[in-house]
Amino acid sequence: MASGLPDGLRYLPEHFGRSAQETLLEAIRAVVAEAPLFVPRMPKTGKPMSVRMTNCGPLGWVTDKEGGYRYQATHPGTGRLWPAIPTALLALWNDVADPGLAPEACLVNFYEPAAKMGLHQDRDEQAFDAPVVSVSLGDQCLFRVGGTARTDPTRSFRLSSGDVVVLGGKSRLAFHGVDRIYAGTSTLLKNGGRINLTLRRVNP
Ligand code: MD3
Ligand code: FE
């Protein structure tokens, strides 16, 4: 982590320009219309997370008090299959990840100004070789990333609308989180807030 960023992390600022962001947002609105945002709850305690979520793709990440963190093919509220991953996101994956192995899950996180996400690792997948590809839309956030141990030093930086982060190699299991949202820093979402999309491979 000599540069201050974990090995394997690629940061692509403003990979998507404004009009591509608007196209992506429309596609995500269609996903949310079919698969409504839900409140994820922590395993065992049932404590609600501050972020709301939905998914698209063959698998979606869900969590609740009884079942804990997992991937499943259906929406926990409607029981229906998740909608397809928008073509613009499949194209992104082909550009920055392995085009031979399609993403299986796209988690959609919606942050209101007060929402945050504590430092964690993403390890509910069985495919740590494939990267996680993240797209930010809307208000800026303060993103924090460290090493593969919780106590490793961390680095913070702002993610803006249109930014893409590719978490491959050693960075795939880095601890990371979102410490805060900067309300009013983007005009993309009429009512403010931030959307983060993460494309993932779940099965090897
Ligand atoms: C670094 N989401 O959904 S995306 C998550 O902005 C998640 O909503 C955050 O962490 C968000 O799990 C961060 C960037 C990201 C995603 C996965 C990573 C960074 C990562 C996996 C390993 C290291
Ligand atoms: Fe994560």
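We count residues from 1, following the sequence as given. Whatever order the structure lists ligands and atoms in, that order sets their numbers, starting from 1.
- Near Val132, with a cut-off below 4.0 Å to any heavy atom, the atoms of ligand 1 are 16 (C), 17 (C).
- Using a 4.0 angstrom heavy-atom cutoff, Trp61 does not count as in contact with ligand 1.
- Gln121 does not count as a contact of ligand 1, since none of its heavy atoms falls under 4.0 Å from the ligand.
- Using bins of under 30°, 30° to 60° and over 60° for the plane-to-plane angle, the ring pair Phe38/Trp82 lands in the tilted bin.
- Nearest to atom 20 (C) of ligand 1 by heavy-atom distance, out of Leu167, Val145, Leu199, Val164, is Leu167.
- For ligand 1, the polar-atom distance check finds no N/O of Ser134 at less than 3.5 Å from any of the ligand's N/O atoms.
- The shortest N or O to N or O distance between Arg200 and ligand 1 is below 3.5 Å.
- Checked against a 3.5 angstrom limit, the closest N/O atoms of Asn109 and ligand 1 fall inside it.
- Seen from the Fe ion (ligand 2), atom NE2 on His120 and atom NE2 on His176 lie at an angle near 100° (rounded to 10 degrees).
- Within the structure, ligand 1 lacks Lys116 among the residues with a heavy atom less than 4.0 angstrom away.
- Asn55 is not listed as a side-chain neighbour of Cys106, based on a closest heavy-atom distance of 4.5 Å or more.
- Checking Tyr11 against Asp163 by side-chain atom types alone, a donor-acceptor pair falls below 3.5 Å.
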